[in-house]
Amino acid sequence: MIVWINGAFGAGKTTTARELIELIPNSTLFDPEVIGGALPHLLPAKHLAEVGDYQDLPIWRRLVIDTAAAMLAELGGTLVVPMTLLRQEYRDEIFGGLAARRIGVRHILLAPAETILRERIAVREVPPDLPDGEMRVRQWSYDHIEPYRAALASWLTADAHLVDTSALTPYATAVRIAEAVGSGTAPVCDIVQTPEPTAETVASGVLLFDEHDRVLLVDPTYKAGWEFPGGVVEPGEAPARAGVREVAEETGIRLADVPRLLVVDWEPPAPPGYGGLRLLFDGGRLDSAAAERLLLPGPELRDCRFVTEREAADLLPPVRYERLRWALRARERGAALYLEAGVPVG
């Protein structure tokens, strides 16, 4: 398993983690900061300059997942990970990716009073050989107090085991965490995720419309980006039935009829993905009462909204948007389309 120690920058996560590995048998420290430190050796400087925080880079999030899984496969036991995560979608992506590998995460939040946090930041050690160390360490911590406060008020405490460290030393904090993990007081996060594919897959999405003909998009907890309701077709399952099943599981809406096919899109493999067939079906128009029965929030969806085609262009990845765009044209014409990578063929 993984014990993920979260909290504001300057809350004492790394110091506590070093104490914790002495208390939990067969545990190892993994600090994702080393992934960030490796990125300048892996990516062009121009690419890195486009982001202010390496957590915004998809490669960082994937490498954190892959490295943690590889370390556990190599060493077994418990991995203690001290890392601030203030964006819910990044937390969901990383914890979901670990859940896909059947790795449970116990989420611990170090939460000292803000006055104590500011005092600790003021005396936080800055490496003397670090260029612009004062700005990169101390000021960075101060600048992220407000995002931490916002996350704390919205989602951060939903599944995290909170430890008030205002009056605790790092060792005493580690003792509290070890006790919570050992007793099960700090439970495994309920992040829904299916195993990552090992070959091409068939996935079915269903387009649902409101009374203004806007289409429903959902924001899954288990991966980044907006999507259509739907999911992977299970072995022996009819694709249209899979779409109906996924709609019911994700939204609570039970479609009475088998939806009509709009597009079949072949998605080429793009490592680390394997690609496969992506089908979109027309689930029809929901009346206002049905739209209000959407089950949110839930374990699979963070948010949902009905959007226009123009609004969808700002939410969906380009290939997924092209799939939607042609599905809407097929709906207008009453004839299904065959696509390859979002482009009609034939």
Side-chain angles (χ1 to χ4, degrees), residues 194 197 199-220 223-270 273-294 300-301 303-346:
T194 54
E200 290 184 339
T201 55
V202 177
S204 293
V206 179
L207 301 186
L208 300 169
F209 300 87
D210 68 2
E211 294 174 321
H212 305 286
D213 241 18
R214 297 177 301 178
V215 66
L216 179 67
L217 297 185
V218 296
D219 185 11
K223 62 180 177 179
W226 289 77
E227 183 54 286
F228 321 107
V232 174
V233 179
E234 296 178 354
E237 186 177 29
R241 301 289 181 180
V244 171
R245 171 182 55 78
E246 288 284 351
V247 166
E249 291 175 359
E250 292 183 353
T251 70
I253 294 174
R254 302 190 178 278
L255 300 176
D257 301 318
V258 176
R260 181 170 59 91
L261 180 66
L262 294 176
V263 297
V264 177
D265 188 11
W266 177 73
E267 185 176 283
Y274 290 90
L277 290 179
R278 308 293 179 249
L279 287 70
L280 277 183
F281 294 88
D282 184 358
R285 185 176 288 111
L286 304 176
D287 59 30
S288 57
E292 290 173 359
R293 289 198 298 269
L294 291 172
E300 295 196 28
L301 300 182
D303 195 6
C304 71
R305 66 180 69 165
F306 287 98
V307 299
T308 64
E309 183 176 343
R310 181 183 296 274
E311 290 168 336
D314 295 328
L315 294 174
L316 294 172
V319 171
R320 208 171 291 161
Y321 168 69
E322 287 300 309
R323 193 176 300 149
L324 170 66
R325 189 167 74 88
W326 287 109
L328 294 178
R329 302 293 83 77
R331 183 172 182 253
E332 293 168 354
R333 300 168 184 171
L337 289 171
Y338 169 68
L339 316 177
E340 292 182 357
V343 178
V345 176

Note: E227-R320 ion pair, threshold 4.0 Å (strictly below): yes

Test your reading of the model: is there a side-chain donor-acceptor pair from D265 to the backbone of G342, 3.5 Å cut-off? yes

Please determine whether the number of non-hydrogen atoms from other residues, nucleotides or ligands lying under 6.0 Å from atom CZ of R254 exceeds 12. no

How long is the gap from CG on L208 to CD1 on I253, to the nearest 0.5 Å? 5.5 Å

For the atom pair CZ (R329) and CG (L337), what is the distance rounded to the nearest 0.5 Å? 10.0 Å

Smallest heavy-atom separation, L207 atom then L262 atom, equals CD1-CD1, 3.8 Å

All heavy atoms of L280 vs all of A327, minimum pair found to be CD1-CB, 3.9 Å

Suppose we screen for salt bridge (Lys or Arg N to Asp or Glu O under 4.0 Å). Which residues come up paired with R278, at least two apart in sequence or across chains? E267

For R331 and F209, work out which heavy atoms get closest and say how close. NE-CE1, 3.3 Å

Quick one, L279 and V202 - any side-chain contact, counting heavy atoms below 4.5 Å? yes

For P239 against V233, the heavy-atom pair lying closest together: CA-CG2, 3.9 Å

Minimum side-chain heavy-atom gap D303-W226 below 4.5 Å: yes

Are any non-hydrogen side-chain atoms of R285 and D213 less than 4.5 angstrom apart? yes

Tell me whether R305 is salt-bridged to E311, with the criterion being a basic N under 4.0 Å from an acidic carboxylate O. no

I want to check a possible cation-pi pair here: R323 against F228, using under 6.0 Å from ring centre and within 45° of the ring axis as the test. no

For the backbone of P259 and the side chain of D257, can you confirm whether one donor and one acceptor N or O come within less than 3.5 Å of each other? no

Tightest non-hydrogen contact, residues H212 and D210, listed as N-OD1, 2.9 Å

Minimal non-hydrogen separation, L216 against C304, with atom names: CD1-CB, 4.0 Å

Among residues at least two apart in sequence or on other chains, which ones pass salt bridge (Lys or Arg N to Asp or Glu O under 4.0 Å) with E211? none

Pairwise side-chain contact, L277 with V264, heavy-atom cut-off 4.5 Å (strictly under): yes

Compare all side-chain heavy atoms of F306 with those of L286 and state whether any distance is below 4.5 angstrom. yes

If you count every heavy atom of other residues, nucleotides or ligands that lies below 6.0 Å from R241 atom CZ, does the total exceed 12? no

V307 versus D314: any side-chain heavy-atom pair under 4.5 Å? no

